[in-house]
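For reference, the structure discussed in these notes is given below.
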Amino acid sequence: MKLLRYAIGDDSYTGVLTGDEIMRLGVEDLAELMGAELAFVDTGIIDKLADARVLPPLQPGKILAIGRNYAEHARELGNEAPAEPLIFAVMPSAVISDGAVIEWEANMTAQVDWEGELAVVIGKTARKVSEAEALEVVFGYTIANDVSARDLQTRDKQWTRAKGLDTFCPLGPVIVTADEIPDPQQLRIVTTVDGVEKQNGSTADMIFDVRFLIAHLSRAFTLQPGDVILTGTPAGVGKAQDPPQFLGEGSVVSVAIEGIGKLTNRCKVI
Ligand code: MG
C-alpha cells in the first residue's frame, strides 16, 4: 500500500494512493494505522490526486540519520568507510513535503548539496531488537533528501545546523508499507538535478544494512512509532563533482527509489 497525507483546500486527510486516485482514510495521522485494520478506517470517499496537495507523509518523532553508509560515497569526499554506523540526528522541523520549496539564506550557506536516501519508518516500539527481528518493527519506507550545507558542515565540525536547517529534510511523497518491500537492500536510488542524473546507486551497497541499523540504533535509543531512519546516500553528491556543484536558485532536485516513487523539490535562495 502507498499511504500519504494530503490537503484539499484547508482540510487535510490521509489516504491510500492507487494510480491517480486516493482512497480517503478516517484517521488524522498515518501513525494511527500502525497495527490497525484498514477496513475500519476506509471512509468510502475517493479523491483525485490531481486535486490534492501532498503533505509530508508523517511528522517524525526522531530522525536518526547515518553518515557515510556507502563506501563509494565515503571515498568521494575523502573519508574512510566507518567501522560502525556514524549516527547523527536531523531536526524534525526540517521536514517538508514533495513539491515544497527547499530554501536558505544566501548569507547562511553557499554550498547546498543533495543526498538521496532510503528512509525507514518505524511502526513499533523497539528496544534492543535483534537483527533477525529488526524488519518486524518497520512500518514502511519512504524517500528522503538529506539536504546538506557543506560549508556549515565543515565549519561547525558537527552536522546539526548543516543538515537541520528548516526545509532541509524533504520526505515522501508516500510511505510504502513494509509488506510491499520485503527486501530493502535491492532498491535502485537515483537523484537528478535539473533533469541531469547525479546519483545512481543501489541500497545493496549499504555498508550497514537496514536490519543492522535498526538493531544497532535500538541498543542506544528506544525506537518509537513514527521515528524515521535516514540510511545514508550513494556516491554522486555535488561536493564530489569536478568542479563541485551545488544547488542554487531555481534548482529542481528529484530523488527516485524503485517501488516507492519520486520526491521532487525546487530550491529558493532567500
Ligand atoms: Mg545523508
Side-chain angles (χ1 to χ4, degrees), residues 56 60 62-82 84-96 102 104 109 111-122 141-172 184-185 187-193 198-210 212-214 216-217 221 227-241 244-247 251 253-257 260 263 265 267:
K62 292 187 285 299
I63 304 175
L64 297 166
I66 307 300
R68 300 172 193 160
N69 198 28
Y70 291 75
E72 204 181 327
H73 168 62
R75 229 176 357 254
E76 72 176 351
L77 292 181
N79 298 302
E80 300 274 324
E84 65 175 339
L86 196 172
I87 302 164
F88 61 98
V90 173
M91 301 291 130
S93 49
V95 169
I96 58 170
I102 303 167
W104 63 89
T109 169
Q111 295 189 353
V112 177
D113 206 343
W114 56 86
E115 291 192 355
E117 309 202 3
L118 175 68
V120 181
V121 180
I122 298 296
Y141 300 90
T142 187
I143 305 170
N145 188 345
D146 178 22
V147 180
S148 303
R150 300 296 181 203
D151 40 7
L152 298 184
Q153 199 176 357
T154 305
R155 208 158 77 220
D156 289 357
K157 298 196 172 56
Q158 47 78 32
W159 306 353
T160 307
R161 188 165 63 143
K163 290 168 174 280
L165 292 174
D166 282 0
T167 75
F168 271 33
C169 191
L171 203 64
Q185 307 310 141
L187 306 175
R188 177 69 33 195
I189 174 165
V190 175
T191 304
T192 62
V193 178
K198 301 295 182 185
Q199 295 182 289
N200 186 339
S202 167
T203 57
D205 294 329
M206 285 183 194
I207 298 171
F208 304 105
D209 65 14
V210 172
F212 185 93
L213 291 174
I214 290 170
H216 184 78
L217 289 166
F221 315 108
D227 287 349
V228 170
I229 301 170
L230 308 189
T231 56
T233 201
V237 301
K239 190 181 179 180
Q241 311 285 319
Q245 298 169 3
F246 297 106
L247 299 170
S251 298
V253 55
S254 289
V255 183
I257 301 184
I260 304 178
L263 171 69
N265 300 89
C267 299

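Note that the numbering runs from 1 along the sequence shown for the chain. In listed order, ligands and their atoms are each counted from 1. Atoms considered below: every heavy atom in the structure, side chains included; atoms not considered: hydrogens, waters and symmetry mates.
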> Of the options D146, V90, I102, which is the one that meets C169 in a side chain to side chain contact (heavy atoms under 4.5 Å, CB included)?
Replying inline: V90
>> Between R161 and D156, does any side-chain N to carboxylate O distance fall below 4.0 Å?
In response: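 Result for this pair is yes, salt bridge flagged.
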> After noting the C-alpha distance and the side-chain angles of E115 and R68, does the key distance pass the salt bridge (charged side-chain N to carboxylate O under 4.0 Å, His left out) rule?
Replying inline: CA-CA 11 Å; E115 291 192 355; R68 300 172 193 160; over 6 Å; no
> So, D151 versus T109: side-chain donor-acceptor pair below 3.5 Å or not?
Replying inline: yes
So, of the N/O/S atoms that [X] has, which is the nearest one to the Mg ion (ligand 1)?
X	result
E115	OE1
D146	OD2
E117	OE2

